[in-house]
Amino acid sequence: DGSQVVSGSSDATLKVWDGQDGTQLSSLEGHTLTINSVDWSPDGALIASGSIDSTVRIWDPQTAQSLTVLDFHERSVSAVAWSPDGDMLASASQDGSIVIWNTANWTELRVLRDHTDGVLTVAWSADGTTLASGGMDGTLRLWGIPEN
């Protein structure tokens, strides 16, 4: 709703800010290296972050606690993105993989590996049935994502 903003930093922390006056509300600590990507869940209840430490963390912004660590990627996590309905989270890595996570139990639904180099970004279509990814291999790929 724009009332809060989250940022990731090279000091391995996330900061939650008041969206109106810019006051820092909290600092979230748990990653060990630079944070490359952050994304709010569609309902605003959770934050996902991806780091050079090769992990994805899920956070509760109200308590400033890390709820779970997703440790799949072999290299830096460059992007995270929630599906529009919040049922899935995509994480992309410099190792060339993309993982689609089931947010109900944080298990892997699919691992996508057609990029020949690191994946830099991911974005969901508005209906959540397609994921776009852009890679260091110079390609844009579109992935059909079945309902989980």
Side-chain angles (χ1 to χ4, degrees), residues 1-113 115 117-136 141 143 145-148:
D1 65 4
S3 65
Q4 296 181 347
V5 177
V6 65
S7 62
S9 177
S10 61
D11 70 3
T13 65
L14 286 88
K15 302 242 187 316
V16 179
W17 308 88
D18 184 290
Q20 300 303 311
D21 66 16
T23 304
Q24 182 180 320
L25 301 174
S26 61
S27 180
L28 290 67
E29 299 180 13
H31 282 292
T32 58
L33 295 170
T34 299
I35 296 166
N36 289 328
S37 182
V38 296
D39 196 22
W40 286 98
S41 63
D43 64 4
L46 299 173
I47 297 169
S49 60
S51 169
I52 290 177
D53 68 13
S54 303
T55 67
V56 174
R57 284 185 179 259
I58 307 302
W59 305 87
D60 180 339
Q62 300 304 314
T63 65
Q65 296 298 308
S66 175
L67 301 177
T68 193
V69 178
L70 306 175
D71 188 12
F72 173 89
H73 298 290
E74 295 175 9
R75 293 185 53 207
S76 174
V77 176
S78 50
V80 292
W82 294 89
S83 65
D85 62 8
D87 290 344
M88 294 177 284
L89 177 76
S91 61
S93 173
Q94 295 294 318
D95 66 14
S97 69
I98 301 164
V99 178
I100 308 299
W101 302 93
N102 178 334
T103 62
N105 56 16
W106 298 111
T107 57
E108 302 156 26
L109 289 173
R110 287 182 71 187
V111 178
L112 310 172
R113 291 190 185 271
H115 284 282
D117 204 344
V119 183
L120 298 173
T121 189
V122 288
W124 291 91
S125 62
D127 65 3
T129 63
T130 304
L131 184 73
S133 61
M136 293 175 64
R141 298 200 183 272
W143 310 86
I145 308 296
E147 293 182 30
N148 55 349

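Looking at heavy atoms from C-beta onward, Ser97 lies in side-chain contact with His73 at the 4.5 angstrom threshold. Side chains of Val56 and Val99 form no contact here, defined as non-hydrogen atoms less than 4.5 Å apart. Here the side chains of Phe72 and Ser91 are not in contact, with every heavy-atom distance at 4.5 Å or above.
Counting non-hydrogen atoms of neighbouring residues, nucleotides and ligands closer than 6.0 angstrom, the CD atom of Glu74 reaches no more than 12 such neighbours.
Between the side chain of Ser54 and the backbone N or O of Arg75 there is at least one donor-acceptor pair closer than 3.5 Å. With hydrogens and angles ignored, the 3.5 Å screen pairs a side-chain donor or acceptor of Asp53 with a backbone N or O of Thr32. No donor-acceptor pair under 3.5 Å is formed between the side chain of Arg110 and the backbone N or O of Ile100.
Every residue meeting the side-chain contact (heavy atoms from CB on, under 4.5 Å) condition with Thr68, not counting sequence neighbours, appears here in chain and number order: Ile58, Leu70, Trp106. Residues passing the side-chain contact (heavy atoms from CB on, under 4.5 Å) test with Asn36 are Thr34, Ile52, Ser76, sequence neighbours excluded. Listed by chain and number, the residues in a side chain to side chain donor-acceptor pair (under 3.5 Å) with Asp71 amount to none (sequence neighbours excluded). Remark: Ser66 pairs with Arg57, Trp59, Val69 by the side-chain contact (heavy atoms from CB on, under 4.5 Å) rule, at least two apart or across chains. Remark: Thr130 pairs with no residue by the side chain to side chain donor-acceptor pair (under 3.5 Å) rule, at least two apart or across chains. Taking the side-chain contact (heavy atoms from CB on, under 4.5 Å) definition, one finds that Asp39 meets it with Val80, Ala81, Trp82, sequence neighbours left out.
Here the closest heavy-atom approach between residue Thr13 and residue Glu29 is recorded as CG2-CG, 3.8 Å. Nearest heavy atoms, Ser125 versus Pro84: O-CG, 3.3 Å. Here the closest non-hydrogen pair linking Ser49 and Val38 is CB-CG1, 4.0 Å. Smallest separation of non-hydrogen atoms from Val122 and Ser133: CG1-CB, 4.0 Å. Heavy-atom minimum distance, Ala64 versus Ser27: CB-O, 4.1 Å. The heavy-atom pair separating Gln94 from Leu120 by the smallest distance is NE2-CD2, 3.6 Å.
Put simply, CG on Asp127 and OG on Ser83 are 11.0 Å apart, with the number rounded to the nearest 0.5 Å. Interatomic distance, Ser9 OG to Leu14 CG, rounded to the nearest 0.5 Å: 9.0 Å. Atom CG of Asn105 is separated from atom CD of Glu108 by 11.0 Å, given to the nearest 0.5 angstrom. Rounded to the nearest 0.5 angstrom, Thr103 OG1 and Leu46 CG are separated by 8.5 Å. With values rounded to the nearest 0.5 angstrom, Asp85 atom CG is found 10.5 Å from Asp43 atom CG. Here the CG atom belonging to Leu25 is positioned 5.5 Å from the CG atom belonging to Asp18, to the nearest 0.5 angstrom.
Classified by interplanar angle (parallel below 30°, tilted 30° to 60°, perpendicular above 60°), the ring pair His115/Trp143 is tilted.
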Evaluation steps, side-chain contact (heavy atoms from CB on, under 4.5 Å), between Leu112 and Val119:
CA-CA 11 Å; Leu112 310 172; Val119 183; over 6 Å; no
